[in-house]
Amino acid sequence: MAKITKLDDIVSLCKRRGFIFQSSEIYGGLASCYDYGPLGVELKRNVRKAWWKSVVQTRDDVVGLDCSILMHPLVWKASGHADKFADLIAECKKCNTRSRIDHLKEKSNTADDEHTEHISIDAAQAHAHDLTNKICPACGAVGNFTEPMPFRLMFETQMGANVDDSMKMFLRPETAQGIFVNFRNVLDTARVKIPFGIAQIGKSFRNEVTTKAFIFRTREFEQAELEFFCEPGTDEKWYEHWKEKRFNWYLALGIKKENLQFRQHDPDELAHYAKACVDIEYKFPFGSGDWQELEGIANRTDYDLRQHQRGIRTLNDWFENNNDLSKIQLKAEDPDYHKGPLSYFDQENKKRYIPYVIEPSAGIDRSTLAFLVDAYDEEQVRGETRNLLRFHPQLAPIKTAVFPLVKKEGMPDTAKKICNELKKYFNCFYDQKGAIGRRYRRQDEAGTPFCVTIDGQTKEDNTVTLRDRDSMEQIRLSTDKLSGYLRKKLEM
RNA sequence: GCGGGUGUAGCUCAGCGGUAGAGCGUCACGUUGCCAACGUGAAUGUCGUGGGUUCAAGUCCCAUCACCCGCUCCA
């Protein structure tokens with residue numbers, strides 16, 4: 001079991017071994033942003049690769065996609081993300097409770113304010129000008145608020161070099177919408193039939209109110225999302241299918257069972273689009289020992305595709321309002337929505353419907369860290385502490401290290417030759433520096449599953465020793481068999 | 001956002017007004033025939049950043065940035 005007990009230890013481990021650094025560190029750091037170092041980038045790539053292999057490569061019913069991060073602003077109107085913009089929050093100076101200012105009540109006015117629709121920030125700001133009469137719902141203090149602060153969920157940027165006619169754009173807050181928007185394209189070109197899924201891995205951006213906790217909640221993060229389209233009525237079956245499939249994926253890659261659990265969402269905490277949602281949680285060894293979400297699996301119903309059908313109908317308003325999202329209301333849904341442009345026609349049963357969607361949405365950064373932390377181990381060997389990372393071979397940043405036992409009798413040359421041969425198939429590391437034991441331990445720390453050592457006997461009978469990371473046991477192997485043996489062991 | 005804490009070598013930390021330090025790690029040379037061996041030598045710091053006080057500031061004061069813990073928030 002990992003000996004790490006504090007987040008500080010994890011941060012230190014990541015830095016020391018070159019897995020994760022703070023962004024812009026020499027400038028004092030940038031909050032909530034992190035960089036992957038030489039070992040970290042390999043680990044993360046392997047996590048992506050393992051996800052893709054499990055979700056796309058080995059299945060007949062899932063295809064991949066890679067969408068742009070910038071999308072048509074109406075996408076975010078239709079998805080509901082853009083409306084979050086009007087949330088203006090003020091904080092009570094007395095009790096530090098934050099409230100949406102449009103939910104605050106007047107002291108003199110006992111009648112309930114009408115529930116405010118989301119409006120543009122400018123409009124809301126004008127409304128919110130005067131908080132002197134507003135009451136804090138928590139402590140009852142009157143007019144004792146901080147300046148209203150807009151709560152921006154999405155990152156903004158502009159498209160177009162000319163300042164005057166540049167268009168305000170958003171960095172995507174989830175990769176899912178790129179998939180929904182391409183549903184028709186994939187359907188028309190990939191010869192897929194429902195049930196089928198579209199998978200994507202990519203960066204997303206969210207202006208979280210608080211970040212903290214290392215890379216668990218960052219504003220820029222990487223998601224691996226699958227939108228699995230199925231016929232309404234079969235959605236619950238597929239929900240169960242993906243729950244099990246995804247949970248087992250973590251286990252198969254070495255996460256210890258006692259550190260992994262499901263957490264079912266209560267109906268009142270479900271997102272507006274979801275019929276059901278469950279989190280896969282990992283027990284990160286924070287001070288508090290809290291379970292943290294690695295992945296959410298949601299039944300998104302037909303919500304998104306139906307919303308985008310409304311979005312398409314709103315396109316004229318968009319042009320008429322000079323591309324100003326804040327002036328646009330989404331058009332009502334067509335009563336015949338189930339025959340709309342994003343519907344699916346089932347040739348076999350002559351049925352047309354809007355498919356339901358099951359969405360497993362995993363955080364690549366979070367699971368990368370979970371794999372890292374879960375693999376960490378310390379053990380006593382001959383009175384010394386051996387630190388090692390027991391990565392699953394598929395995830396190990398370096399698969400094999402090759403050493404000459406000593407720097408003479410041509411051993412380095414032979415070792416280099418073998419290393420270069422193995423590099424054709426996987427990451428392989430050559431090292432001739434220092435005592436052999438030290439080199440083994442260095443690789444243990446990097447999580448390298450195998451070490452190959454060339455010794456005096458190699459010249460005589462063409463064999464090498466192969467040392468196993470976890471057991472430290474050694475076997476002799478003929479060099480002709482080395483590559484095949486390793487590839488089999490490494491599942492590559 | 002609030003409260004508390006921490007920033008000194010790659011890492012862990014000592015130094016708390018008076019020449020910038022240790023352990024581990026890194027590098028070089030030698031030695032070394034299988035698990036962090038040994039010897040010799042070497043490199044490395046705007047003491048997070050910016051101001052101030054002082055003859056003199058890692059050290060005291062102010063601001064700022066970043067991180068951690070606990071709230072709060074968020075999904």
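Only heavy atoms go into these numbers, but all of them, side chains included; no hydrogens, no water, no symmetry mates.
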Q) Any salt bridge between A/Glu378 and A/Arg386, counting N to O under 4.0 Å? A) no
Show me the protein contacts with nucleotides 8-12 of chain B, counting only N or O atoms at under 3.5 Å.
residue : atom : partner : partner atom : Å
B/rG10  : O3'  : A/Lys15 : NZ           : 3.4
B/rC11  : OP1  : A/Lys15 : NZ           : 2.4
B/rC11  : O3'  : A/Ser12 : OG           : 3.4

Q: Describe the nucleic acid contact of A/Glu445 in one word from base, sugar-phosphate, nothing, applying a heavy-atom distance below 4.0 Å.
A: base
Q | Distance-only donor-acceptor test (3.5 Å): side chain A/Tyr27, base B/rC65 | A | no
Q) Salt bridge or not for A/Arg390 and A/Glu379, using N-O below 4.0 Å? A) yes
Q: Please confirm whether A/Arg206 makes a cation-pi placement over A/Phe155, using NZ or CZ under 6.0 Å from the six-membered ring centre and within 45° of the ring normal.
A: no
Q. Has the side chain of A/Arg467 got a donor or acceptor that lies under 3.5 Å from a partner of the other kind on the base of B/rC35?
A. yes
(Q) Can you measure A/Leu405 atom CG to B/rG33 atom P for me and round it to whole angstrom units? (A) 8 Å
Q.
Is it the case that the base of B/rC34 and the side chain of A/Asp455 share a donor-acceptor contact (distance under 3.5 Å, atom types as modelled)?
A. yes
Q.
Classify A/Asp279 by what it touches in the nucleic acid, base, sugar-phosphate, or nothing, heavy-atom distance under 4.0 Å.
A. nothing
Q.
Please confirm whether the ring centroid of A/Trp242 lies under 6.0 Å from the ring centroid of A/Phe228.
A. yes
Q) Which base, if any, makes a Watson-Crick or G-U wobble pair with B/rG33, both distances under 3.5 Å? A) none
Q. Rounded to whole angstroms, how far apart are NZ on A/Lys407 and P on B/rC27?
A. 11 Å
Q: Verify whether one side chain among A/Thr453 and A/Tyr440 offers a donor that lies under 3.5 Å from an acceptor in the other.
A: yes
Q.
Tell me which nucleotide, if any, is Watson-Crick or G-U wobble paired with B/rA66 when both distances must be under 3.5 Å.
A. B/rU6
Q | Residue-level proximity of residues 37-48 of chain A to RNA chain B when a heavy atom falls under 4.0 Å | A | none
Q. Does A/Lys408 or A/Arg386 map to a spot on RNA chain B nearer the 5' end, using the closest nucleotide for each?
A. A/Lys408
Q) Taking CZ from A/Arg17 and C1' from B/rU26, how many angstroms apart are they, rounded to a whole number? A) 15 Å
Q) Applying a 3.5 Å limit to both distances, which nucleotide forms a Watson-Crick or G-U wobble pair with B/rU46? A) none
Q) Between A/Val373 and A/Leu13, is any pair of side-chain heavy atoms under 4.5 Å apart? A) no
Q) Hey, does A/Glu409 reach any base, or is it just sugar-phosphate, or nothing, if we go heavy atoms under 4.0 Å? A) base
Q.
Both distances below 3.5 Å, Watson-Crick or wobble geometry, any strand: find the nucleotide opposite B/rU40.
A. B/rA28
Q: Could you tell me whether A/Tyr34 contacts a base, only the sugar-phosphate backbone, or nothing, with contacts defined as non-hydrogen atoms closer than 4.0 Å?
A: sugar-phosphate
